[in-house]
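Accompanying notes for the structure given below.
The structure presented is a predicted model; accordingly, all values stated were derived computationally and were not measured.
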Amino acid sequence: MNVHKKLGEIKLSRVTFRASSRPQKDNVTQKESTGPLAPRAVATLKPQQGEGAQKAADTRESASPISLKGLLAAQRITRELKNRAALRRKTRVRTQNCSPITIINEQTPANSANPAHRFPNAHVKELIEEFLATKLKNESYDPSTCAALTKDLCEDIKKIVRRVTPPRYKLICSMAIGSKDREDIMVTSQCLWDSYSDNVTSCSYQNRTLFCVVLVYAVYFE
């Protein structure tokens, strides 16, 4: 009988749990009340905000130095570009303001001759090239006749050059004719002369069987 009385005095109460959808380790709080009508004991799962807030703070802290460095680098690059642009503008203005230098009288070296008219090197070269193309176009290499051909061509070239050469110039013509047979040749010369008044013209020509190199020296005689 005593047992049944004790059981009769026990009042049942319902306990329900309401948890959030995100499974996290939360603190469980239970509320119980006594009385004839015991209210529901509610256990709520409170999400921990400390971990997420810490991650966000760490992200902001790690992002802040990177952003600052990028900003400083951008400012430095912009400053350098502005300085370069300003330097280009200054250089352009200086170049535009500079007037060309005009040489009124060409200075003659102290120990050099001073001819009234100097040797026309470019014009002489054109005349020799035209002459060689006309004379050697249909010629074939023949060792027995090349020696005489060389002398005749030198005399003809001196006559042509003499027509356009100023007075008091001495002309020297040197010519080399060889066979064009899978071989290379180099013609060089060395002279002791006045580099201001004296000059030299060189021309070359070749066809199927031969090559020709011509050097014409113009030495001024006082």
Side-chain angles (χ1 to χ4, degrees), residues 83-222:
N83 293 336
R84 291 180 182 178
L87 183 60
R88 290 195 190 99
R89 286 195 296 269
K90 291 181 180 179
T91 306
R92 192 179 300 114
V93 170
R94 291 175 182 175
T95 306
Q96 292 175 356
N97 294 334
C98 292
S99 58
I101 300 174
T102 303
I103 299 176
I104 300 175
N105 293 321
E106 186 177 1
Q107 299 296 325
T108 305
N111 298 325
S112 297
N114 188 13
H117 300 283
R118 301 180 67 181
F119 183 73
N121 191 10
H123 184 39
V124 170
K125 185 173 183 179
E126 293 178 359
L127 293 176
I128 297 174
E129 288 177 349
E130 293 177 1
F131 175 78
L132 293 177
T134 303
K135 289 292 184 179
L136 299 178
K137 182 177 180 180
N138 298 321
E139 289 288 338
S140 298
Y141 179 73
D142 187 358
S144 60
T145 60
C146 277
L149 179 62
T150 301
K151 292 180 180 180
D152 295 339
L153 293 178
C154 284
E155 293 298 327
D156 293 339
I157 289 173
K158 284 194 292 183
K159 292 178 182 179
I160 295 172
V161 175
R162 176 61 64 187
R163 298 172 187 170
V164 296
T165 303
R168 306 186 67 85
Y169 270 98
K170 302 295 183 180
L171 298 179
I172 303 171
C173 183
S174 173
M175 179 180 292
I177 295 178
S179 175
K180 186 180 176 182
D181 187 17
R182 298 180 182 179
E183 294 180 358
D184 297 332
I185 186 171
M186 180 180 294
V187 179
T188 61
S189 63
Q190 187 175 4
C191 301
L192 180 62
W193 63 1
D194 188 348
S195 60
Y196 177 78
S197 59
D198 302 337
N199 210 331
V200 62
T201 300
S202 61
C203 299
S204 62
Y205 177 81
Q206 59 182 351
N207 59 15
R208 291 186 304 103
T209 60
L210 60 83
F211 65 88
C212 177
V213 179
V214 181
L215 298 173
V216 177
Y217 303 91
V219 182
Y220 186 73
F221 178 73
E222 289 184 319

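Note on ring orientation: taking the six-membered ring where Trp is involved, the planes of Y169 and Y220 are perpendicular (angle over 60°, cut-offs 30° and 60°).
Side chains of K135 and Y205 form no contact here, defined as non-hydrogen atoms less than 4.5 Å apart. The side-chain heavy atoms of V214 and I157, taken from C-beta on, include a pair separated by under 4.5 Å. Side-chain contact between L215 and S189: present, with at least one pair of heavy atoms (C-beta onward) separated by less than 4.5 Å. In this structure, the side chains of M175 and V213 stay at 4.5 Å or more apart for every pair of heavy atoms. Using a 4.5 Å heavy-atom cutoff, the side chains of R168 and P115 are not in contact. Between V200 and W193 the shortest side-chain heavy-atom distance falls below 4.5 Å. Counting heavy atoms from C-beta on, the side chains of I172 and V216 never come closer than 4.5 Å. Between P143 and S179, the closest side-chain pair of non-hydrogen atoms is not below 4.5 Å.
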Quiz prompt | Stepwise side-chain contact (heavy atoms from CB on, under 4.5 Å) check, M186 with T188 | solution = CA-CA 6 Å; M186 180 180 294; T188 61; 3.9 Å; yes
Practice problem: Output, in order, the C-alpha distance, side-chain angles, deciding distance and verdict of side-chain hydrogen bond (donor to acceptor under 3.5 Å, both in side chains) for D142 and S144. | Solution: CA-CA 5 Å; D142 187 358; S144 60; 3.0 Å; yes
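In this structure, CD in E130 is found 7.0 Å from CD in E126, a value given to the nearest 0.5 Å. Within the model, atoms OG of S204 and CZ of F211 stand 10.5 Å from one another, a figure rounded to the nearest 0.5 Å. Here the CD-OG1 distance, from E129 to T201, works out to 10.0 Å after rounding to the nearest 0.5 Å. Expressed to the nearest 0.5 Å, how far CG of N114 lies from OG of S197 amounts to 9.0 Å. R84 CZ to R89 CZ: the interatomic distance, rounded to the nearest 0.5 Å, is 14.0 Å. Rounded to the nearest 0.5 angstrom, C173 SG and I160 CD1 are separated by 10.0 Å.
Across every non-hydrogen atom of L210 and K180, the tightest pair is N-CB, 3.8 Å. Closest of all the heavy-atom pairs between D156 and F131 is CB-CZ, 3.4 Å. The two atoms that bring C146 and T150 nearest to each other are O-OG1, 2.7 Å, heavy atoms only. Nearest heavy-atom pair, K125 versus S202, reported as atom, atom and distance to 0.1 Å: CE-O, 3.5 Å. Minimum interatomic distance between S140 and T209 (heavy atoms only, all atoms of both residues): CA-OG1, 3.3 Å. Residue K137 comes nearest to N207 through the heavy atom pair O-ND2, 4.0 Å, listed as atom of the first residue, atom of the second, then distance.
When K151, K158, K159 are each tested for a salt bridge (Lys or Arg N to Asp or Glu O under 4.0 Å) with E155, only one passes: K158. A side-chain contact (heavy atoms from CB on, under 4.5 Å) with V219 is found for exactly one of L171, D198, N199, namely D198.
Atom NZ of K170 has 12 or fewer heavy atoms from other residues, nucleotides or ligands within 6.0 Å. Around the CZ atom of R162, the shell of radius 6.0 Å holds more than 12 heavy atoms that belong to other residues, nucleotides or ligands.
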